[in-house]
Amino acid sequence: MFRPMAYNGTREENYALVIEQLKSLISGEPNFIANLANAAALLNQFFTDINWVGFYLADGEELVLGPFQGLPACVRIPFGKGVCGTAAAERRTVVVPDVHQFPGHIACDAASQSEIVVPLIKDGRVIGVLDIDSPVKNRFDDIDRRYLEQFASVLISA
């Protein structure tokens, strides 16, 4: 049974703890969708100041909505469009301090002010993205990027 924990350490210690929690949640579970659902729920209870967290999965040359926590979202995003599509097309994490300054930003939730998107790359191909939105500008930084990339790596290696 999962029990929420207080994350009282440094940001780095807290991220290390949530990554260990992810490992425990997905250990022995081969279903990728189930693991994505639990990962989204885990991140939702871990983060403060976010309004959406979830996954988009690659389907041809577009991303299709996968497991998430938050308000209903855009269902399909072409590679190269918006923050999610850009992260997928460029195969790199995209941190956006102010989504209103990102050319072509796709606004699924008008409350979103900043965003981070981490591509999920397995066997050399993009299989999806992890997307996290915040109603606070400048919510995400390099610490978030580094640890969310580790989180994604654990998730796709299960």
Side-chain angles (χ1 to χ4, degrees), residues 2-22 25-26 32-59 62-90 92-120 126-156:
F2 180 82
R3 290 197 174 112
M5 302 183 74
Y7 299 100
N8 297 323
T10 65
R11 287 180 64 209
E12 291 86 350
E13 291 167 341
N14 292 342
Y15 265 116
L17 179 56
V18 83
I19 289 169
E20 288 305 310
Q21 288 177 305
L22 174 67
L25 279 173
I26 65 176
F32 189 56
I33 299 299
N35 288 337
L36 292 178
N38 268 337
L42 176 63
L43 289 175
N44 191 54
Q45 68 86 37
F46 171 69
F47 277 111
T48 58
D49 299 323
I50 67 165
N51 57 320
W52 200 92
V53 56
F55 298 92
Y56 281 90
L57 301 174
D59 183 11
E62 64 184 357
L63 298 165
V64 178
L65 182 64
F68 71 93
Q69 302 272 311
L71 294 176
C74 305
V75 175
R76 294 183 180 273
I77 300 172
F79 276 32
K81 301 292 182 185
V83 182
C84 289
T86 298
E90 296 180 5
R92 67 175 179 88
T93 299
V94 178
V95 178
V96 181
D98 180 353
V99 296
H100 303 293
Q101 301 302 313
F102 189 90
H105 174 254
I106 299 169
C108 295
D109 182 346
S112 294
Q113 298 292 316
S114 60
E115 185 171 4
I116 185 168
V117 179
V118 179
L120 305 176
V126 175
I127 62 169
V129 298
L130 164 60
D131 179 21
I132 307 173
D133 295 352
S134 173
V136 177
K137 287 184 181 175
N138 298 301
R139 168 61 183 85
F140 306 104
D141 61 18
D142 196 55
I143 292 173
D144 297 303
R145 180 195 57 78
R146 285 186 289 123
Y147 282 95
L148 288 170
E149 287 173 350
Q150 288 179 33
F151 187 94
S153 178
V154 167
L155 186 58
I156 60 174

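Annotation: side chain of Val95 is not in contact with side chain of Asp144 (no heavy-atom distance under 4.5 Å). Looking only at side-chain heavy atoms (C-beta outward), Ile50 and Leu43 stay at 4.5 Å or farther from each other. Residues Leu42 and Leu25 form a side-chain contact, since some pair of their non-hydrogen atoms from C-beta on lies under 4.5 Å apart. Residues Arg146 and Asp142 have side chains in contact (heavy-atom distance under 4.5 Å, counting atoms from C-beta outward). Counting only heavy atoms from C-beta outward, the side chains of Leu36 and Leu57 approach each other to under 4.5 Å. A heavy-atom distance below 4.5 Å is not found between the side chains of Asn14 and Tyr147.
Closest of all the heavy-atom pairs between Val136 and Gln113 is C-CB, 3.8 Å. Smallest separation of non-hydrogen atoms from Leu71 and Trp52: O-NE1, 3.1 Å.
For the atom pair CD1 of Ile77 and OG1 of Thr86, the computed distance is 10.0 Å after rounding to the nearest 0.5 Å. With values rounded to the nearest 0.5 angstrom, Asp49 atom CG is found 15.0 Å from Lys137 atom NZ.
A donor-acceptor contact shorter than 3.5 Å is absent between the side chain of Asp131 and the backbone of Phe55. Under a 3.5 Å cut-off, the side chain of Asn38 and the backbone N or O of Ala41 do not form any donor-acceptor pair. No donor-acceptor pair closer than 3.5 Å links the side chain of Ser134 to the backbone N or O of Ser114. A donor-acceptor pair under 3.5 Å is formed between the side chain of Arg139 and the backbone N or O of Thr48.
When ring centroids are compared, Tyr15 and Tyr7 stay outside the 6.0 Å threshold.
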